[in-house]
Amino acid sequence: MNATISRLALQSLFGQKRWWALLSLPLLLIGLALLVRLLTRGEAGGAFEVIVVGVGITAATLVALLATTGVLGPEIDDGSIIYLLAKPISRYSVVLSKLLVAVGVTVVLGAGSLLVSGLILEPSDLQQALAVTAGMAVAGAAYCSIFMVFSAINRHAMVTGLIYVLVFEGLLASWLSGLRYLSVSAWGRRIAEGIDDSLNLAAGNLPLAYAWVASAVVVVAGCVLAGRRLSRFQLRGEE
């Protein structure tokens with residue numbers, strides 16, 4: 001990890017217009033939770049699953065997409081990545097440094113908003129909110145790794161990521177039970193169920209150990225693939 005690269009990536013993310021989108025997603029989720037709480041006069045009922053699990057996980061995933069494509073994509077688009085790669089710095093260090101920034105933003109804004117929303121809707125059940133938050137934090141790291149690969153291999157990482165989230169994660173994985181073994185969202189929900197067994201988040205029959213191992217494998221594999229892609233980028237001068 002290179003602290004300077006991480007700091008510059010965070011500064012770059014703050015300087016982009018997408019930062020407002022990054023802030024708006026968790027704020028909208030928290031605002032929705034507050035609205036439901038007020039309208040139901042403190043008796044939210046099953047709103048936790050609908051808002052925190054349904055809407056919240058999707059919002060947190062989009063935060064991961066915005067953050068990850070924001071720390072690497074623009075440098076590849078404008079060609080300034082060449083100047084960074086010209087430095088005597090490991091390509092894997094570049095990827096890891098930027099990935100840690102994206103994961104940190106995702107955990108704070110994405111997973112953090114689930115915690116706040118969960119406590120608004122169910123203030124007496126801290127463990128439930130913490131379980132979903134932890135599951136999303138793990139899933140968020142895996143998502144960031146996947147989106148890092150998308151950013152490294154093409155200029156349309158945002159579009160590619162949206163298609164992946166909406167089509168594969170949102171439609172196919174929810175309809176076809178076998179694809180849950182390949183669904184990052186399902187891994188996160190299963191991890192949350194493992195922390196709080198009172199939760200039933202439709203993760204299917206996924207083994208808990210598999211969810212943890214699969215998430216770790218995706219994070220590592222994403223770093224390796226993105227690092228290799230950056231190495232090819234430097235050697236061939238690809239855009």
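Residues: numbered from 1 along the sequence shown.
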Test your reading of the model: is there a side-chain donor-acceptor pair from [X] to the backbone of [Y], 3.5 Å cut-off?
X	Y	value
S117	S113	yes
T58	G54	yes
E169	V184	yes
R190	L206	yes
R229	A152	yes
S183	R180	no

Looking at every heavy atom in both [X] and [Y], which two are closest together, and how far apart are they?
X	Y	result
Q127	I195	NE2-O, 3.1 Å
C144	T106	SG-OG1, 3.3 Å
W187	S215	CE3-OG, 3.6 Å
G188	A139	CA-CB, 4.0 Å
V63	G110	CG1-N, 4.1 Å
L96	C223	CD1-SG, 4.5 Å

In terms of hydrophobic clustering (I, L, V, M, F, W, Y; side-chain heavy atoms under 4.5 Å; direct or indirect links), are [X] and [Y] co-clustered?
X	Y	result
L162	V165	yes
I163	M158	yes
V159	F168	yes
V138	I146	no
L23	L28	no

Practice problem: Specify whether F150 and F147 have parallel, tilted or perpendicular ring planes, treating 30° as the upper limit for parallel and 60° as the lower limit for perpendicular. | Solution: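 Judged by the thresholds at 30° and 60°, the geometry between F150 and F147 is tilted.
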
How long is the span from the [atom1] atom in [X] to the [atom2] atom in [Y], to the nearest 0.5 Å?
X	Y	atom1	atom2	value
L22	L62	CG	CG	10.0 Å
L121	R37	CG	CZ	7.5 Å
I153	R228	CD1	CZ	14.0 Å
I120	L38	CD1	CG	9.5 Å
L99	S151	CG	OG	10.5 Å

Taking the side chain as everything from C-beta on, heavy atoms only, tell me whether [X] gets closer than 4.5 Å to [Y].
X	Y	answer
L126	L119	yes
D125	F48	no
Y143	L65	no
I57	S185	yes
I191	M136	no
W212	P207	no
L25	L29	no
V71	M148	yes

Self-check item: Worked check of side-chain contact (heavy atoms from CB on, under 4.5 Å) between L115 and L130
Solution: CA-CA 6 Å; L115 177 61; L130 286 175; 3.8 Å; yes

